Enquirer: 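Take a look at this one; I'll ask things after.
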Amino acid sequence: MLETVRYLIGSAGSSRFGSKSTAEEVTEACPDLRSITAIITGATSGIGEETARVLAKRGARLVLPARSLKAAEETKARITEEFPGAEIIILPLDLSSLSSVRSFSFRFLSLRLPLNLLINNAGKFSHEHAISEEDGVEMTFATNYLGEHRSTPDKLRISLSLSSSTFRWVETARETGIQGRIVNVSSSIHGWFSGDGIQYLHLITLNKIPWYDATRAYALSKLANVLHTKELAERLKDMDANVVVNCVHPGIVRTRLTRDREGFLTDLVFFLASKLLKTISQAAATTCYAAAHPKVSGVTGKYFADCNEATASKAGCSAAEAARLWRVSEALAAEAGAGGGVIGAHRDRDLDVQEDSGDKGVVE
């Protein structure tokens, strides 16, 4: 009850920011970002576009990957109209496709730019059951999580190549002393998922359940974002890399994530919930705080909400599940790269997935 009251009135936490803080407000105290190159996915509308706009205002060079280059160019035009000196680069990327993620990584590296900041903001809420054609994985999970997992390790692995001809991520941090940051945009909805996530992914990928629960699939993908953050933070520490990674819950806000179900009912629900909704600028605040605020320096593997460190769900705090998900994700990426790509091809020992039928074994 107390947390709800604090949210509604926008009470500031230990960071001196709260639910009513905006992206511009939380970045006012940030250092000049003109030395920062930031990759921001999902920046063609909503929270992602506001994040890009504010970071451009603070001087950051932006790389905006997008499936729709037309939408990305329109976003670039809006930002450069407001900030004529902004440097923005558009590159093609479809996060549901492994080959597209790899192509993007190499296109970016060919630019020979430093990489200081990665914001994984892109998200999808698919109301209908769909499978990624290339990789054979349920579409919401493939887009919201696997693309994020694939792109980040790829960049880290490539960055460890001691090539003097190109700027690399980890080398950028080591050479400049500027700490690299990764921000994964999750959701409090991650706490709605219970049960064995890998088993459930297996079932929905092979369509072995009586009906497709879009909300549960989305919750699983957001839980995967939290677990990915936790495991990646540990791996970065082991590498002694000057790079931190955190995940954020932006808050309740109406964005194009609901575009598949626009209409009277959707409008009514959002109208009735209007007092709980954030503005786009307020929703982008926690992302910008984790991306640029000095207080987050050295902080890694954490979950943030309303611009303050918060506690993830019990499942989201499991180091064992985080490590397990990483192993599964690496195996899926390897299988897709080898021309396979169906999670059902891995069972029992490899992915700790047991063959089953119906909804048996899934804990609600």
Side-chain angles (χ1 to χ4, degrees), residues 94-99 101 120 122-153 184 186-187 189-232 312-364:
D94 179 355
L95 282 169
S96 69
S97 165
L98 175 60
S99 62
V101 170
N120 288 308
K124 180 182 181 66
F125 189 108
S126 180
H127 290 273
E128 303 297 332
H129 182 267
I131 298 295
S132 169
E133 291 184 6
E134 179 183 331
D135 307 333
V137 178
E138 191 273 329
M139 185 63 77
T140 298
F141 191 85
T143 303
N144 293 356
Y145 166 67
L146 275 184
E148 168 188 307
H149 173 85
R150 291 163 177 161
S151 62
T152 304
N184 295 326
S186 182
S187 168
I189 291 175
H190 82 273
W192 294 10
F193 185 86
S194 62
D196 187 323
I198 306 304
Q199 172 76 359
Y200 188 67
L201 175 62
H202 172 68
L203 293 175
I204 60 176
T205 290
L206 299 183
N207 206 15
K208 290 192 173 185
I209 50 178
W211 63 87
Y212 177 69
D213 187 336
T215 300
R216 193 171 188 211
Y218 181 76
L220 173 60
S221 72
K222 295 290 100 178
L223 173 59
N225 294 148
V226 176
L227 292 172
H228 168 75
T229 299
K230 188 175 186 66
E231 178 66 13
L232 179 56
S313 69
K314 182 178 179 181
C317 293
S318 172
E321 283 303 302
R324 180 186 176 211
L325 177 64
W326 189 284
R327 293 194 302 271
V328 170
S329 304
E330 289 287 274
L332 285 173
E335 180 71 16
V342 178
I343 191 172
H346 296 279
R347 294 192 182 98
D348 301 325
R349 180 177 58 82
D350 290 335
L351 296 187
D352 301 326
V353 173
Q354 296 180 349
E355 180 66 84
D356 209 334
S357 61
D359 204 21
K360 184 180 177 182
V362 178
V363 180
E364 296 290 348

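Computed from a predicted model, the values in this text were never measured in an experiment.
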Enquirer: Main chain of Gly316, side chain of Ser313: is a donor-acceptor contact present, judged purely on distance under 3.5 Å?
Expert: yes

Enquirer: As an exercise, state the distance from CG of Asp213 to NE2 of His127, rounded to the nearest 0.5 Å.
Expert: 11.5 Å

Enquirer: Quick one: pull up CG in Leu146 and NE2 in His228 and give me the separation to the nearest 0.5 Å.
Expert: 10.5 Å

Enquirer: Check this for me: does any side-chain nitrogen of one of Arg324 and Glu321 sit under 4.0 Å from a carboxylate oxygen of the other?
Expert: yes

Enquirer: Under 3.5 Å, is there a donor-acceptor pair between the side chain of Ser132 and the main chain of Ser96?
Expert: yes

Enquirer: Spell out, as yes or no, whether a donor-acceptor pair under 3.5 Å connects the side chain of Asn225 to the backbone of Asn144.
Expert: yes

Enquirer: Could you go step by step and tell me if Tyr212 and Glu138 meet the side chain to side chain contact (heavy atoms under 4.5 Å, CB included) rule?
Expert: CA-CA 11 Å; Tyr212 177 69; Glu138 191 273 329; 2.5 Å; yes

Enquirer: Where do His190 and Ser186 come nearest, in terms of heavy atoms and distance?
Expert: CB-OG, 4.2 Å

Enquirer: With side chain to side chain donor-acceptor pair (under 3.5 Å) as the criterion, how do Asn184 and Asn120 come out once you've worked through the C-alpha distance, each side chain's angles and the decisive distance to 0.1 Å?
Expert: CA-CA 5 Å; Asn184 295 326; Asn120 288 308; 2.8 Å; yes

Enquirer: Rounded at 0.5 Å granularity, tell me how far CG in Leu332 sits from CG in Leu325.
Expert: 9.0 Å

Enquirer: Evaluate Asp94 against Val101 for side chain to side chain contact (heavy atoms under 4.5 Å, CB included), listing each step before the verdict.
Expert: CA-CA 7 Å; Asp94 179 355; Val101 170; over 6 Å; no

Enquirer: Using only heavy-atom distances, determine whether the side chains of Thr140 and Tyr145 contain a donor-acceptor pair under 3.5 Å.
Expert: no

Enquirer: So does Trp192 get a backbone contact from the side chain of Arg216, meaning a donor-acceptor N/O pair under 3.5 Å?
Expert: no

Enquirer: For Leu227 and Trp326, run side chain to side chain contact (heavy atoms under 4.5 Å, CB included): C-alpha distance rounded to whole Å, both residues' side-chain angles, the deciding distance at 0.1 Å, then the answer.
Expert: CA-CA 8 Å; Leu227 292 172; Trp326 189 284; over 6 Å; no

Enquirer: Students often mix this up, so state it plainly: with edges at 30° and 60°, are the rings of Tyr200 and Phe193 parallel, tilted or perpendicular?
Expert: tilted

Enquirer: Starting from the C-alpha separation in whole Å, work towards a yes-or-no answer on side chain to side chain contact (heavy atoms under 4.5 Å, CB included) for Val137 and Ile131.
Expert: CA-CA 5 Å; Val137 178; Ile131 298 295; 5.9 Å; no

Enquirer: Looking at Ala122 and Leu95, what are the two nearest heavy atoms and their distance?
Expert: CB-CD1, 3.4 Å

